[in-house]
Amino acid sequence: MVLASFSPLSAVARMSARNSAFQSKRFLAQAVSATPKINDQAKPSSYKVVVVGGGSAGLSVASTLAETLGNKSVAVVEPSDVHYYQPLWTFVGSGLKTFDESKMAMSEVMPEKAQWIKDSVASFNPTKNTVVLANGESISYDYLVVAAGIQVNWGKIKNLPETLGKNGVTSNYSAQSVQKTDEFIKAFKGGNALFTMPSTPIKCAGAPQKIMYLAEEQWRKAGIRDQTKINYFTGLGKIFAIDKYANELLKICKARNLSINYFTDLAEIRPNSKEAVFNVLAGDAKGSTVTFPYDFLHVTPPMGAPDFIKASPLSNADGWVDVNMETLRHNKFDNVYALGDCSSLPTSKTAAAITAQSAVLKNNLLGDIFGDNKEVAKYDGYTSCPLVTGSDKLILAEFSGYTGQPQETFPFDQSKERFSTYLLTKEIIPEIYWKAMVKGNWDGPAKYRKLFGAA
């Protein structure tokens, strides 16, 4: 391969065009020659597959299953009217994309052949193969896929709910406040700017620091950087989980005079005095609190498993849907699968991870349905975090959450800031998302990693 002529942008554009609808040859042949074992007595409250969640995980699975199994064999339980591509909110919060570019009506992305049940789930009864909806109705299934996402616990930080979106306090994790981030960054005139990362698992773990780099760049260009002190507070002991990328991020923070405070977890906001109170989680001061004044405060709230999953027979001790880390099948109920942020899979919770997980889940679930599970697929923990470090550069972290080792697609060092990977993330990947991933036609870059010789 001649690297001098290699273009990741053109290569990914070609890969998107070539990546046709997910169907293994095995299932294509079977779909033509065999009919799935669907109950002839099926009624609107009974489905071959029920998918809980209409986010990126739920739609990437439901789209393929609905197309393969036929009209109304698949139900998607999702209460929302709007579907958001949340990875774009870093760009929205920094004024590099519009909010409208990050959303689409749920009716536009819902698979045509699926039955959309516009409600939320109250409880599961896996021994009876039923799901109870918030309206009290029950629906039954032969197979269940749980893709309910993660719960954002705004109320666990004192005064955050009533303070969010006011007087410099914002978060890119809320549709209601992400545009306020851009507004507050532009209105900032100098002082103390704080950015927080909780100790809990979160979705898109790089987002809390990405907005810091973009804000710092804007303040530098506005000529107020020397009047600004920037602090990053993380409840963890590292700036990023994978050392290869963490080392580069630390160099960037040092060069741009960004202070990092480890094992500090935001506990309270005092809006009247504009102070943020942090719990100290480790070291000699463990158990104490520290207080910092703020003029700008970007909060990443603590997150966790959804309450209705925590309270169900599907959860493990930590509240996540308890699935096998390779097959994505439930460890107790054989006809239940889960993927994405609500699952117990020990890897970073990202949209990129879902692409690989959905391919594995669909292969294995369709194998169950068609009675052919000889080719069991296994998920290897792949995930990715595009770490935006400026309005024209990015570190494209790709790795396995299982091994902690880089798992990069392109034949160059992705830990270095590049303009090409910035454009890939900002312009091309959103197109892949809307035109392929939510339609079930994108199962991640694994095959292209082998093509590029980076595997």
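In this text the structure is predicted, and so the values were computed from the model without any measurement.
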Checking side-chain contact (heavy atoms from CB on, under 4.5 Å) for the pair Q414/T409: CA distance, chi angles, key distance, verdict?
-> CA-CA 9 Å; Q414 292 178 200; T409 296; 4.2 Å; yes
Under a 4.0 Å N-O cut-off, is there an ion pair linking E217 with K393?
-> no
Using ring-ring contact (aromatic ring centres under 6.0 Å, His included) as the criterion, list what pairs up with F240, not counting sequence neighbours.
-> F399
For residues I202 and P301, report the shortest heavy-atom separation together with the two atoms involved.
-> CG2-O, 4.1 Å
Sequence-distant partners of Y379, ring-ring contact (aromatic ring centres under 6.0 Å, His included), two or more places apart | Y402
Can you list the residues that meet the side chain to side chain contact (heavy atoms under 4.5 Å, CB included) rule with P126, with sequence neighbours excluded?
-> F124, Y141, P313, L314, F333
Check the pair M437 / I354 against side-chain contact (heavy atoms from CB on, under 4.5 Å), numbers first and verdict last.
-> CA-CA 9 Å; M437 183 175 170; I354 288 168; 3.6 Å; yes
D443 and K362 ion-paired at < 4.0 Å | no
By salt bridge (Lys or Arg N to Asp or Glu O under 4.0 Å) - contacts of K189 (at least two apart) | none
Taking atom CG of L297 and atom CG of N167, what is their separation to the nearest 0.5 Å?
-> 11.5 Å
Would S391 and L96 count as a side-chain contact (heavy atoms from CB on, under 4.5 Å) if you check the C-alpha gap in whole Å, the side-chain angles of each, and the deciding distance to 0.1 Å?
-> CA-CA 8 Å; S391 60; L96 298 170; 4.3 Å; yes
With sequence neighbours left out, the residues meeting ring-ring contact (aromatic ring centres under 6.0 Å, His included) with Y84 are W89, F99
Y337 side, atom OH; Y143 side, atom OH - distance, nearest 0.5 Å = 8.0 Å
With sequence neighbours left out, write down each residue that passes side-chain hydrogen bond (donor to acceptor under 3.5 Å, both in side chains) with N335, or none if nothing qualifies.
-> N129
Are the side chain of T170 and the backbone N or O of T181 linked by a donor-acceptor pair below 3.5 Å?
-> yes
S358 side chain reached by L339 side chain, heavy atoms, under 4.5 Å | yes
Report, as yes or no, whether the 6.0 Å neighbourhood of atom NZ on K332 holds more than 12 heavy atoms from other residues, nucleotides or ligands.
-> no
K439, NZ: over 12 other non-hydrogen atoms inside 6.0 angstrom = no
In residues 131-139, what donor-acceptor pairs under 3.5 Å come from side-chain atoms, sequence neighbours left out?
{"unit_1": "N135", "atom_1": "OD1", "unit_2": "E137", "atom_2": "N", "d": "2.9"}
{"unit_1": "N135", "atom_1": "ND2", "unit_2": "D119", "atom_2": "OD2", "d": "3.1"}

So, does S199 use its side chain to make a donor-acceptor pair with the main chain of G235 at under 3.5 Å?
-> no
Student check: side-chain heavy atoms of V92 and D182 closer than 4.5 Å = no
For Y422, side-chain hydrogen bond (donor to acceptor under 3.5 Å, both in side chains) partners two or more places apart = none
Sorted by chain and number, sequence neighbours left out, ring-ring contact (aromatic ring centres under 6.0 Å, His included) with W219 holds for F188, F296
Pairwise side-chain contact, W154 with S174, heavy-atom cut-off 4.5 Å (strictly under) | yes
Could you tell me which non-hydrogen atom of Y245 sits nearest to which non-hydrogen atom of P406, and how far apart they are?
-> OH-CB, 3.7 Å
Which pairs with one or both residues in residues 86-97 pass salt bridge (Lys or Arg N to Asp or Glu O under 4.0 Å), sequence neighbours excluded?
-> K97-E101, K97-E427
How far apart are the C-alpha atoms of F91 and T425, what are their side-chain angles, what is the distance that settles it, and do they pass the side-chain contact (heavy atoms from CB on, under 4.5 Å) test?
-> CA-CA 10 Å; F91 295 106; T425 300; 4.1 Å; yes
Modelled atom types, side-chain donor and acceptor of S177 and S171, under 3.5 Å | no
Go through the structure and list residues passing side-chain hydrogen bond (donor to acceptor under 3.5 Å, both in side chains) with N71, not counting sequence neighbours.
-> none
Give a yes or no on whether the backbone of I269 and the side-chain of N159 come within a donor-acceptor separation of less than 3.5 Å.
-> yes
Please check if atom NZ in K238 has more than 12 non-hydrogen atoms from other residues, nucleotides or ligands closer than 6.0 Å.
-> yes
Could you give the distance from CD1 (I395) to CD1 (I252), rounded to the nearest 0.5 Å?
-> 4.0 Å
Just jot down the side-chain hydrogen bond (donor to acceptor under 3.5 Å, both in side chains) partners of E112, sequence neighbours excluded, or say none.
-> none
Hey, which of V61, L366, L65 is the one that makes side chain to side chain contact (heavy atoms under 4.5 Å, CB included) with V49?
-> L65
Kindly indicate whether the side chain of K118, heavy atoms from C-beta on, has any atom under 4.5 Å from the side chain of M110.
-> no
Less than 4.0 Å between a side-chain N and a carboxylate O, is that true for E216 and R220?
-> yes
Should we say atom NZ of K156 is surrounded by more than 12 heavy atoms from elsewhere, each under 6.0 Å from it?
-> no
Between the side chains of T98 and D100, does any donor sit under 3.5 Å from an acceptor?
-> no
Taking all heavy atoms of W320 and all of G304, pick out the closest pair and write down the distance.
-> CH2-C, 3.4 Å
Report the distance from atom CZ of R418 to atom CG of L424, rounding to the nearest 0.5 Å.
-> 12.0 Å
Side-chain heavy-atom pair C253, Y232 within 4.5 angstrom cut-off = no
Indicate whether the side chain of Q151 and that of D307 have a donor and an acceptor atom separated by less than 3.5 Å.
-> yes
Got N441 and K435 here, is their nearest side-chain heavy-atom distance under 4.5 Å?
-> no
Can you see which heavy atom on M212 is nearest to which on F195, and at what distance?
-> CA-CE2, 3.6 Å
Result for side chain to side chain contact (heavy atoms under 4.5 Å, CB included) between C342 and one of V323, V146, I150 points to V146
Side-chain donor-acceptor pair under 3.5 Å between N364 and T327, yes or no?
-> no
Min side-chain heavy-atom separation P386-T421 under 4.5 Å = no
About how many Å separate CD1 of I239 and CE of M197, when rounded to the nearest 0.5 Å?
-> 10.5 Å
Closest non-hydrogen atom pair between V360 and A377, with its separation | CG1-O, 3.6 Å
To the nearest 0.5 Å, how far apart are CD1 in I369 and OG in S73?
-> 9.0 Å
Do Y382 and E398 have side-chain heavy atoms sitting under 4.5 Å apart?
-> yes
Looking just at side-chain N and O atoms, do S400 and D380 make a donor-acceptor pair shorter than 3.5 Å?
-> no
Closest non-hydrogen atom pair, G401 against T383 | N-CG2, 4.4 Å
